[in-house]
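Heads up: numbering here begins at 1 and tracks the sequence. These numbers were taken from a predicted model, which means no experiment stands behind them.
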Amino acid sequence: MKQKLIRITTVPISLGGLLQGQSKFMSQFYEVVGISSDKENLEKVGAKEEIRVIPVNLTRKITPIQDLKALITLYKILRKEKPFIVHSHTPKAGTIGMMAARLAGVPHRLHTIAGLPLVEATGPKRVLLNAVEKLTYYCATKVYPNSVGLQDIVLDHKFTDAKKLKVIGHGSSNGIDTSYFDPSLYSNASKLELRKKLKLADDDYVFVFVGRLVGDKGINELIAAFKNILKEHTNVQLLLVGNPEEELDPMLPETEEFIFKSDKVIATGWADDVRPYFAISDCLTFPSYREGFPNVVMQSGAMGLYSIVSDINGCNEIVEEGVNGSIIPTKNTEALFNAMKHVLENKEKFAAEKDVYREMIKKRYERSFIWNELLKEYQELEGTKD
């Protein structure tokens, strides 16, 4: 009889998107149960991953009453299910999940860190988030930062002991399927068709950003830098793939106005499949303030794109300066502008090295490698006690 493994995320898109395929893979070795909010979408993820799912009302915001209700509900579920391992991802699922698992006596309580929102917080909110982070790690038996830089941040803040921490493989929560993110899947004809649909000229150089259109993803700096690029270059476009989040982290009004009024910016909204947009683009611009281990940078690299990224954990581990991308300081419009200008002025050189960018990703972050490294972690727990 298989041991029971429960995976918890705050929202289903994390379980079925960021961790796509992982639960299905693990179900070969364990009885896997997925827990998240939003019953309807969670059931879709369950069907796709071929696992049983249980909905619990988790929120991404600080909601004390709802959080307490979720904690009690989850505690009861875990007492009934009696899992061998509870593995949580995303901040709220980590806190509620690890507390409930500890209270329920789950022997192995694992939490993956894929980013720390507290890095950009200040004042009382920062104090609260620091305390919550420490509580999460205290309740966990093992904590997996998904990058070396993130592990260093956790140690610098003394959130937990080094013995609890481990980076799986070379980093990343789920790796990348390079047979899926493969530029050869897109013909010249299909790329021309999409470029025509988006009203791109044949000689337009395309910078692409994929992610939430929010302040802490560097969208304000990106638009400011791009405005300066347009003063010197005409055949250039900025492709934005993602949605704004006005409640959590709104853009500056001038940023939003430019995005929706400029004919040099194409905002596609959310896309379930970002590959076609990478296929017609020339360079990724990703000036985020904080990340765990960004899938976007791995995806763009696998699709053969040079990447301009912030000097933050994850990004500065995937990108090697001058080899497969450029690394710039965070919140620095001038540095971003200079990097974009450098790429434009050397576009033939960077376009000729697409295979180099792809091979670097394949070598270090292939999805099957990450899955098997995590499986080894699970298997090592068998026969051990908390």
Let me check something: do [X] and [Y] share a hydrophobic cluster, defined by ILVMFWY side-chain heavy atoms less than 4.5 Å apart, either directly or through other members?
| X | Y | result |
| --- | --- | --- |
| Phe226 | Val241 | yes |
| Val106 | Tyr138 | no |
| Met340 | Phe258 | yes |

Determine yes or no for a side-chain-to-main-chain donor-acceptor pair under 3.5 angstrom, with [X] supplying the side chain and [Y] the backbone.
| X | Y | answer |
| --- | --- | --- |
| Ser288 | Arg290 | yes |
| Ser326 | Gly322 | no |
| Arg79 | Leu103 | no |
| Ser300 | Val297 | yes |
| Asp282 | Leu344 | no |
| Glu321 | Ile327 | yes |
| Lys166 | Val143 | no |

Distance check, rounded to the nearest 0.5 Å: [X] atom [atom1] versus [Y] atom [atom2]?
| X | Y | atom1 | atom2 | answer |
| --- | --- | --- | --- | --- |
| Asn57 | Asp38 | CG | CG | 9.5 Å |
| Leu238 | Ser281 | CG | OG | 9.5 Å |
| Ile280 | Asn188 | CD1 | CG | 13.0 Å |
| Gln20 | Gln22 | CD | CD | 11.0 Å |
| Leu165 | Leu150 | CG | CG | 9.5 Å |
| Tyr180 | Gln299 | OH | CD | 9.0 Å |

Are [X] and [Y] ion-paired here, with the side-chain N under 4.0 Å from a carboxylate O?
| X | Y | answer |
| --- | --- | --- |
| Lys76 | Glu81 | no |
| Glu49 | Lys24 | no |
| Glu43 | Arg52 | no |
| Glu366 | Lys362 | no |
| Glu373 | Lys376 | yes |
| Lys341 | Glu232 | yes |
| Asp182 | Arg358 | yes |
| Lys92 | Asp67 | yes |

Using the ring of each side chain (for Trp, its six-membered ring), is His342 parallel, tilted or perpendicular to Phe350, with breaks at 30° and 60°?
perpendicular
Give the intermediate values and the outcome of salt bridge (Lys or Arg N to Asp or Glu O under 4.0 Å) for residues Glu291 and Lys217.
CA-CA 9 Å; Glu291 293 292 326; Lys217 289 289 185 183; 2.6 Å; yes
Do other residues, nucleotides or ligands put more than 12 heavy atoms under 6.0 Å from the [atom1] atom of [X]?
| X | atom1 | value |
| --- | --- | --- |
| Asp156 | CG | yes |
| Ile13 | CD1 | no |
| Lys48 | NZ | no |
| Asp273 | CG | yes |
| Glu334 | CD | no |

Side chains of [X] and [Y]: closer than 4.5 Å at any heavy-atom pair?
| X | Y | answer |
| --- | --- | --- |
| Thr160 | Val154 | yes |
| Val206 | Leu200 | yes |
| Val323 | Glu353 | no |
| Leu110 | Thr141 | yes |

Does the ring centre of Tyr144 sit less than 6.0 Å away from the ring centre of His111?
no
Taking the six-membered ring for Trp, are Phe293 and Tyr365 closer than 6.0 Å centroid to centroid?
yes
Please determine whether side chain to side chain contact (heavy atoms under 4.5 Å, CB included) holds for the pair Ile35 and Ile6, giving the CA-CA distance in whole Å, both sets of side-chain angles, and the decisive distance to 0.1 Å.
CA-CA 7 Å; Ile35 294 179; Ile6 290 184; 3.7 Å; yes
For the student: nearest non-hydrogen atoms of [X] and [Y], plus distance:
| X | Y | result |
| --- | --- | --- |
| Met98 | Ser88 | CE-OG, 3.4 Å |
| Ser368 | Asn372 | O-ND2, 2.8 Å |
| Tyr75 | Ala100 | N-CB, 3.8 Å |
| Ser37 | Val11 | OG-CA, 3.7 Å |
| Leu240 | Ile223 | CD1-CD1, 4.5 Å |
| Cys283 | Tyr205 | CB-OH, 3.5 Å |

Go through Glu377 and Lys142 one step at a time and tell me if the side chain to side chain contact (heavy atoms under 4.5 Å, CB included) criterion holds.
CA-CA 10 Å; Glu377 282 292 299; Lys142 197 82 176 177; 4.0 Å; yes
Do the side-chain N and O atoms of [X] and [Y] include a donor-acceptor pair separated by under 3.5 angstrom?
| X | Y | value |
| --- | --- | --- |
| Asn346 | Lys349 | no |
| Thr90 | Thr9 | no |
| Asn146 | Ser172 | no |

Intermediate values then yes/no, ring pair (Phe, Tyr, Trp, His ring centres under 6.0 Å), Phe209 and Phe207
CA-CA 7 Å; Phe209 169 91; Phe207 289 103; over 10 Å; no
Row check, Tyr289 ring normal vs Lys331 NZ/CZ: under 6.0 Å, within 45°:
yes
With a distance cut-off below 6.0 Å to the six-membered ring centre and an angular limit of 45° from the axis, does Lys4 pair with Tyr30 as a cation-pi contact?
no
Using side-chain hydrogen bond (donor to acceptor under 3.5 Å, both in side chains), reason through His89 and Ser173 one step at a time and then give a plain yes or no.
CA-CA 9 Å; His89 297 257; Ser173 298; 4.8 Å; no
Please identify which of these residues, Phe278, Tyr357, Phe286, meets the ring pair (Phe, Tyr, Trp, His ring centres under 6.0 Å) condition with Tyr306.
Tyr357
The test is ring pair (Phe, Tyr, Trp, His ring centres under 6.0 Å); show your working for Tyr378 and Phe84 and say whether it passes.
CA-CA 10 Å; Tyr378 290 167; Phe84 171 64; 8.6 Å; no
